[in-house]
Amino acid sequence: DLLETTLALMGQTLGEAPLSAALSSTSYRALETTIGTALNDSDAERPSATKKLQAMLDHMALLVDSTAAAALIARLATWGLSTADPLVDLLHLNAALAPERAP
């Protein structure tokens, strides 16, 4: 239901948020903590944190523009998340997309 909420709220502005908007969001600040839990906490807590991290990254990937997506991938790597991790796939897709230009 969180994805449906994101889609309902953002509508036609998906993929347009700049990096500055992402960095100032509460979701961004929560990412580092969630990554730490998903990568380093006990085996009992890791699956739940990984599932939460997947949702957070997917939502962020839907909201940011391609430049911000590429920058976020680089930041995730500095926090210890492999850029090849499937959790980052939607951010990679976003980073690879070229914005449409009006003729």
Side-chain angles (χ1 to χ4, degrees):
D1 62 336
L2 293 175
L3 178 59
E4 291 173 2
T5 303
T6 300
L7 294 173
L9 291 174
M10 298 308 293
Q12 297 296 317
T13 60
L14 289 174
E16 293 183 6
L19 182 61
S20 60
L23 296 179
S24 65
S25 72
T26 56
S27 295
Y28 177 80
R29 289 187 292 278
L31 272 175
E32 187 172 15
T33 302
T34 306
I35 287 173
T37 303
L39 297 179
N40 303 315
D41 273 11
S42 69
D43 289 339
E45 294 178 21
R46 198 171 298 137
S48 174
T50 301
K51 185 175 180 178
K52 180 179 178 181
L53 179 60
Q54 180 72 69
M56 293 172 80
L57 291 174
D58 286 351
H59 287 120
M60 193 69 79
L62 289 172
L63 298 174
V64 298
D65 61 24
S66 61
T67 304
L72 286 172
I73 292 167
R75 287 172 183 260
L76 294 170
T78 66
W79 292 342
L81 186 64
S82 170
T83 59
D85 192 305
L87 294 170
V88 190
D89 283 351
L90 196 53
L91 277 169
H92 280 294
L93 175 63
N94 183 334
L97 296 175
E100 288 185 9
R101 303 275 188 243

Residue pair [X] / [Y], side-chain heavy-atom distance below 4.5 Å:
X     : Y     : result
Leu76 : Thr83 : no
Leu39 : Trp79 : no
Met60 : Ser25 : yes

Search all heavy atoms of [X] against all heavy atoms of [Y] and return the closest pair with its distance.
X     : Y     : answer
Thr34 : Ala49 : CG2-O, 3.6 Å
Ala95 : Ile73 : CB-CD1, 4.3 Å
Ser27 : Met56 : O-CE, 3.6 Å

Could you grab the distance from atom [atom1] of [X] to atom [atom2] of [Y], nearest 0.5 Å is fine?
X     : Y     : atom1 : atom2 : value
Asn40 : Arg46 : CG    : CZ    : 7.5 Å
His59 : Gln54 : NE2   : CD    : 10.5 Å
Tyr28 : Leu19 : OH    : CG    : 7.5 Å
Lys51 : Leu53 : NZ    : CG    : 13.0 Å

Which residue is it: Leu90, Leu91, Asp89? I am looking for the one with a side chain to side chain contact (heavy atoms under 4.5 Å, CB included) to Leu93.
Leu90

Do you know which of Leu72, Asp85, Leu62, Leu81 makes side chain to side chain contact (heavy atoms under 4.5 Å, CB included) with Leu57?
Leu81

Heavy-atom donor-acceptor pair, [X] side chain to [Y] backbone, under 3.5 Å:
X     : Y     : answer
Asn94 : Val64 : yes
Asp65 : Ala68 : yes
Ser24 : Ala21 : yes
Arg75 : Ala70 : no

